[in-house]
Amino acid sequence: MADSLLFNPRTYDPAHFDPETRRLLRATVDWFEERGKRRLIEDYRTRAWLADFLAFAAKEQLFATFLTPASAAGGHPGKRWDTARIAALNEILGFYGLDYWYAWQVTILGLGPVWQSGNAAARARAAELLAQGEVFAFGLSEKSHGADIYSTDMLLEPDGEGGFRATGSKYYIGNGNAAGLVSVFGRRTDVEGPEGYVFFAADSRHPAYHLVKNVVDSSKYVSEFRLEGYPVRAEDVLHTGRAAFDAALNTVNVGKFNLCTASIGICEHAMYEAVTHAHTRVLYGRPVTAFPHVRRELTDAYVRLVGMKAFSDRAVDYLRSAGPNDRRYLLFNPMTKMKVTTEGEKVVDLMWDVIAAKGFEKDTYFAQAAAEIRSLPKLEGTVHVNLALILKFMRNHLLDPVAYEPVPARPDAADDGFLFRQGPARGLGSIRFHDWRPAFDAYAHLPNVGRFREQADALCAFVATAAPDEEQSRDLDLLLAVGQLFALVVHGQLILEQAALRGLDEDVLDELFAVLVRDFSGHAVELHGKDSATAEQQRWALDAVRRPVVDAARSERVWQRVEALSGAYEMTP
């Protein structure tokens, strides 16, 4: 029987979506299955450009339907920016290969500055390019500065006719080899400070656009390109001044969300392979899965993966329900990028410990999963950058909640237009949150939820009485350890909210929180060992360590769910 908590192409039917979305998602699955595993792996190994996939997407109008907001759709009934179905496609593309997801992801990033722009001509051009099956690119990063947009060396010199000539290089730019439109960030040479920033649209086929190379050895085309006197007309300008700066950050806010569901897809495919291999392999006269440590590792991997999905699904609701007076998504969004993607690494590592050498074999999906899962925590800002970001919300979230109307599940066919009207990228310290405790109260009867709640309450006491002082606040190493503890509380909260909405199996939930209790204890011990931790903080850290509640019968019931994954899915050869 297929596990209802995991994506399985054999049984996939996203019935909660409208008919056209269901058709497109199912058509995408069928395209990959018909292509088959051998071709999928061979294209990955030979670093083949994704022309066939992009041709399929163009024929089906996949990108055009999913990535054209209603405001630019010209009345087309199926086109909208719908985070729920975008997340579903992320998961599918991650399941079959991160290269496919990457071409889609950087198209999303490239569109961000356009859909935020008031330039009607540029918006119409982007909508038409999508309809033609073109991909897009986001020209922000530079070789010398990374994504430090304060220091851009893409220079725009006024041409005396109302436009500019742009000269400079960009680096780590996905789809830079083929993009019909590249959103490029630069600065004017005649204006000092933030008012000199400019976002403009460029065409990778223009003679003044020079493709230097693919900076990675992959089907992903992560380009370096250089503009030499590129003509930027008035109609090519998307944003100027501080609005250009805000467009860059707000685009990343939209784009970084996609990393979590791509990570989930990778883990799901790898899990089918790993469990099937381990359960059918006999070692010392017994299946490998008869060994207690193997069962623990695979069970931990499974419940972590379920937690990744539950958190991400609930975060979708907050992203879709956001508005000028509800910006809670600005916490949950970096959480999906930082926490869910690092959980994905743990899931793959746990399975790899079990299947060992099998994970290197060239005819497995797992071999590429083990490599690609590493990239997601490092894209759209490192783990450290996003962890430092979520720390800005810790005191308000833990200690100073306010009342909000409950956010419902959001699978509805609505356009998420606010994502392109986010406004100035500042004021994070003023964002308030609903009380996190009721989500835990609803599952207080589960022993490990109760045990984790003790740790969450302890963290509140830490923030109130032993938080880092002014000097410690400059010690990022210490702060990141605190951030990991806070991230776990937020992670647990949204998992429990989603569990209540979906009716998640309580055995799985309690087994997952046993893992989270161990994680919290581990990070507390890490904080205890930090060079600048005070004696009071060290005492708190050790007092926060808890042992999960052990229940052999519960663990066995969850193991049976994991065991049932053996043979549940194998990709079409």
Side-chain angles (χ1 to χ4, degrees), residues 35 39-58 63 90 93-94 96-112 129 133-149 152-154 166-186 201-228 230 251-252 255-256 258-259 262-263 266 362 365 367-382:
R35 195 168 183 80
R39 180 68 181 275
L40 193 81
I41 293 171
E42 183 63 19
D43 285 350
Y44 177 78
R45 290 179 58 241
T46 60
R47 300 171 289 284
W49 174 240
L50 313 173
D52 290 349
F53 170 67
L54 296 178
F56 156 78
F63 288 14
N90 288 330
L93 297 180
Y96 288 108
L98 201 65
D99 291 345
Y100 303 97
W101 170 85
Y102 185 74
W104 147 268
Q105 161 70 356
V106 291
T107 292
I108 288 173
L109 292 171
L111 286 165
L129 288 169
E134 297 281 0
V135 292
F136 290 67
F138 185 51
L140 183 66
S141 296
E142 297 179 11
K143 188 172 186 179
S144 300
H145 310 296
D148 176 9
I149 58 181
T152 178
D153 290 329
M154 177 63 71
T167 298
S169 297
K170 293 293 181 178
Y171 203 77
Y172 296 139
I173 311 304
N175 289 352
N177 61 318
L181 187 153
V182 185
S183 297
V184 183
F185 185 83
D203 184 346
S204 69
R205 299 168 181 86
H206 193 281
Y209 180 106
H210 303 283
L211 186 64
V212 178
K213 62 180 177 180
N214 187 354
V215 304
V216 299
D217 187 19
S218 169
S219 294
K220 304 177 197 69
Y221 205 104
V222 187
S223 70
E224 177 184 5
F225 71 79
R226 180 167 181 81
L227 303 184
E228 293 281 1
Y230 186 99
T251 293
V252 173
K256 75 168 65 172
N258 300 311
L259 279 73
S263 180
I266 292 173
K362 66 180 182 180
Y365 173 85
Q368 72 183 68
E372 301 292 0
I373 199 69
R374 310 292 170 205
S375 65
L376 289 164
K378 300 166 183 65
L379 298 175
E380 304 0 319
T382 64

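In this chain, numbering begins with 1 at the start of the sequence shown.
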Look at the side chain of Thr46 and the backbone N and O of Glu42, then say whether any donor-acceptor pair between them is shorter than 3.5 Å.
yes

Considering non-hydrogen atoms only, spot the tightest contact between Gln368 and Tyr96 and give its length.
NE2-O, 4.0 Å

Closest non-hydrogen contact found for Ala178 with Trp49 is CB-CZ2, 4.0 Å

Which atoms form the tightest heavy-atom contact between Ser263 and Ile373, and what is the distance?
OG-CD1, 3.4 Å

Rounded to the nearest 0.5 Å, how far apart are CG of Leu181 and CZ of Arg205?
10.5 Å

Provide the closest heavy-atom pair for Val135 versus Phe63 in the form atom of the first, atom of the second, distance.
CG1-CE2, 4.2 Å

Is Asp99 paired with Arg47 through a side-chain N to carboxylate O contact shorter than 4.0 Å?
no

Output the distance between atom CD (Glu224) and atom OH (Tyr171), rounded to the nearest 0.5 Å.
5.5 Å

Report yes or no: do Trp101 and Asn258 form a side-chain donor-acceptor pair below 3.5 Å?
no

So how far is it from Trp104 CH2 to Asn90 CG, rounded to the nearest 0.5 Å?
6.5 Å

Checking Asn214 side chain against Val222 main chain: does a donor-acceptor pair fall under 3.5 Å?
yes

Quick one: does Val182's side chain get under 4.5 Å of Phe225's, heavy atoms only?
yes

Is any side-chain heavy atom of Met154 closer than 4.5 Å to a side-chain heavy atom of Val184?
yes

Ring pair (Phe, Tyr, Trp, His ring centres under 6.0 Å) against Tyr172, all qualifying residues, sequence neighbours excluded:
none

Presence of salt bridge, Asp52 and Arg39, under 4.0 angstrom:
yes

Before giving the answer on ring-ring contact (aromatic ring centres under 6.0 Å, His included), spell out for Tyr230 and Tyr209 the whole-Å C-alpha distance, their side-chain angles and the decisive distance to 0.1 Å.
CA-CA 7 Å; Tyr230 186 99; Tyr209 180 106; 7.3 Å; no

Apply side chain to side chain contact (heavy atoms under 4.5 Å, CB included) to Leu50 and Tyr100, showing your working.
CA-CA 7 Å; Leu50 313 173; Tyr100 303 97; 4.0 Å; yes

Ignoring hydrogens, what is the shortest heavy-atom contact between Ile41 and Lys362? Give both atom names and the distance.
CG2-O, 3.1 Å

Any sub-3.5 Å donor-acceptor pair from Lys170's side-chain atoms to Leu140's backbone N or O?
yes

Nearest-0.5 Å distance, CG of residue Leu109 to OG of residue Ser183
9.5 Å

Min side-chain heavy-atom separation Val252-Lys256 under 4.5 Å
yes

Tyr44 and Glu372: CA distance, side-chain angles, deciding distance, side-chain hydrogen bond (donor to acceptor under 3.5 Å, both in side chains) verdict
CA-CA 11 Å; Tyr44 177 78; Glu372 301 292 0; 3.1 Å; yes

Trace of the side chain to side chain contact (heavy atoms under 4.5 Å, CB included) decision for Ile266 with Tyr365:
CA-CA 9 Å; Ile266 292 173; Tyr365 173 85; 3.7 Å; yes

When rounded to the nearest 0.5 angstrom, what distance separates CZ in Phe138 from CZ in Phe185?
9.0 Å

Quick test of your reading of the model: are Arg226 and Glu228 salt-bridged, counting only N-O distances below 4.0 Å?
yes

Contacts of type salt bridge (Lys or Arg N to Asp or Glu O under 4.0 Å), residue Arg374, not counting sequence neighbours:
Glu345, Asp349

Short side-chain donor-acceptor distance under 3.5 Å, Thr152 and Glu142
yes

Taking atom types as modelled, is there a side-chain donor on Asn177 or Ser204 under 3.5 Å from an acceptor on the other?
no

If you compare all heavy atoms of Gly176 against all heavy atoms of Ser223, which two are closest, and at what distance to 0.1 Å?
CA-OG, 3.2 Å

In sequence, state the C-alpha distance, the side-chain angles, and the governing distance for Ser219 and Asp43, and then conclude on side-chain hydrogen bond (donor to acceptor under 3.5 Å, both in side chains).
CA-CA 8 Å; Ser219 294; Asp43 285 350; over 6 Å; no

Looking at side-chain heavy atoms only, is the closest gap between Val216 and Tyr102 below 4.5 Å?
no

Approximate separation, where rounding is to 0.5 Å, of Leu98 CG and Gln105 CD:
9.5 Å

